[in-house]
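Below, chain A is the first sequence line, B the second, and so on; all start at residue 1. Predicted, not measured: the structure shown is a model, and the values here were computed from it.
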There are 2 protein chains.
Amino acid sequence: MDSEELRNAGLKVTTPRLKILTLLENSVERHMTAETIYRLLTEGGEVIGLATVYRALAQFEAAGLITRHHFDSGQTVYELERGPHHDHIVCIRCGRVEEFYDKVIEERQREIAASLGFVLSDHALTLYGECNSPECLARKG
Amino acid sequence: MDSEELRNAGLKVTTPRLKILTLLENSVERHMTAETIYRLLTEGGEVIGLATVYRALAQFEAAGLITRHHFDSGQTVYELERGPHHDHIVCIRCGRVEEFYDKVIEERQREIAASLGFVLSDHALTLYGECNSPECLARKG
DNA sequence: ATCTATATTGATAGTCATTCTCATTTGAGA
DNA sequence: TCTCAAATGAGAATGACTATCAATATAGAT
Ligand SMILES: [Zn+2]
Ligand SMILES: [Zn+2]
Ligand SMILES: [Zn+2]
Ligand SMILES: [Zn+2]
């Protein structure tokens, strides 16, 4: 249950935190901004403060429950940390986000960092393109 | 000359634009924020408005003269578009930025995008780690 | 179940990077 | 040199996010 997850993360089990965690788990879109989470909750009749959303997300990230990304849209995007690491490809027309994992790229990154004398700790890889899905094409022609 | 570059880009040759372009060309640090550019110019005795710096950088980018990056520091970083494409590795302790190009990664990206049905148009790859250079170690122990 | 000490919440004010507004100035062609 | 649209710069405005703080809720002790 979500309460367990919070406790294991060393966080008190509170109503706002449970609301956010539950939303993240039940949303079809895995990648959301703080504003979107706030809007979905309040539109769903929940009462919660925007500051609380930002705070909870920061704590969830520190606890390793979620990860954050900076796509070119500018806003920070959060997603539940479930399953293995992956990177992203974003449609520049309709905004759709797909995930991928590529062993070759991951390996090359480690080699590159080492060859430059860096101890690699993290990386951010995002591809941008047009997905041309039916919904995408309908959006703009 | 810089005037040529501006004219070729379809931009009027103005004093502020020349100042910014010249600074970008003569700085040892190739990657700078708008604030840094503004500060370096004004500290150098030049008179220029911060809004003008932001505007010029946006125009330079649209014209393909410079590229922008969003490292995890938050601020947007600009660099002169000279030479071939490259990606970046940033030291999370001292902020040093190194550039690299990896043919294997570039190729895999195209393959991944295609396999997901996307027409690839751009990508952002940034590695983060500790460089442990002498200056880096001096910074925090 | 009740109490208590402490952590959390949420409304709001503040911050910081970036963009907008608009009166004034400037560059490029006539 | 003249003309006038384009560009500039000072400051206001925006938008995402963070800090403040009084009110509230949680976890553990009684
Ligand atoms: Zn993802
Ligand atoms: Zn699309
Ligand atoms: Zn370093
Ligand atoms: Zn670079």
* Asked: Parallel, tilted or perpendicular: which fits the ring planes of A:H85 and A:H123, with parallel below 30° and perpendicular above 60°?
  -> perpendicular

* To do: Kindly give the heavy-atom pair with the smallest separation between A:L65 and A:A9, and that separation in Å.
  => CD1-CB, 4.2 Å

* Asked: Under 3.5 Å, is there a donor-acceptor pair between the A:Q75 and A:H69 side chains?
  -> no

* Could you check how far OH of B:Y38 sits from P of C:dT19, rounded to whole Å? => 16 Å

* Asked: Rounded to whole angstroms, how far apart are CG on A:L6 and C1' on C:dT8?
  -> 13 Å

* Structure fact -> Of B:T15 and B:A58, the one whose closest nucleotide on DNA chain C sits nearer the 5' end is B:A58

* To do: May I ask you to test the B:R17-B:I20 pair for a side-chain heavy-atom distance under 4.5 Å?
  => no

* Asked: Under 4.0 Å between a side-chain N or O of A:T33 and OP1 or OP2 of D:dA16?
  -> no

* Asked: Rounding to a whole Å, what distance do you find between A:R68:CZ and D:dT18:P?
  -> 7 Å

* Of the listed nucleotides C:dA17, D:dC17, D:dT20, the one nearest the side chain of A:R55 -> D:dT20

* With heavy atoms under 4.0 Å as the rule, sort A:R17 into base, sugar-phosphate or nothing. => sugar-phosphate

* Nucleotide C:dT8, atom C1' - distance to CG of A:L18 in whole Å -> 13 Å

* Asked: What residues, two or more places apart in sequence or in another chain, satisfy salt bridge (charged side-chain N to carboxylate O under 4.0 Å, His left out) together with A:E99?
  -> A:R30

* Structure fact -> B:L57 atom CG is separated from D:dG9 atom P, nearest whole Å, by 13 Å

* For DNA chain C, find the residues of residues 44-54 of chain B with a heavy-atom distance under 4.0 Å and give them by number; none if there aren't any. => B:L50, B:A51, B:Y54

* To do: Would you kindly say whether A:E98 and A:H86 are connected by a side-chain donor-acceptor distance under 3.5 Å?
  => no

* Structure fact -> Between NZ of A:K19 and C1' of C:dT8 the distance, given in whole Å, is 13 Å

* Measure across A:L50 and A:A34 and return the closest heavy-atom pair with its distance rounded to 0.1 Å. => CD1-O, 4.5 Å

* Start with the C-alpha gap between A:D87 and A:D102, add the side-chain angles, then the distance that decides, and say whether side chain to side chain contact (heavy atoms under 4.5 Å, CB included) holds. => CA-CA 8 Å; A:D87 293 301; A:D102 189 80; over 6 Å; no

* **Integer-rounded Å distance: D:dA16 C1' and A:E35 CD** => 7 Å

* Asked: Shortest non-hydrogen contact from B:L40 to B:M32?
  -> CD1-SD, 3.6 Å

Quick test: give all pairs of protein nitrogen or oxygen and nucleotides 27-30 of chain D nitrogen or oxygen below 3.5 Å, distance rounded to 0.1 Å.
| residue | atom | partner | partner atom | Å |
| --- | --- | --- | --- | --- |
| D:dA27 | OP1 | A:V13 | N | 3.2 |

* Structure fact -> Which of C:dA17, C:dG10, D:dT8 is nearest the side chain of B:P16? It is D:dT8

* To do: Check the distance between D:dG9's C1' and B:I37's CD1 and give it to me in whole angstrom.
  => 17 Å

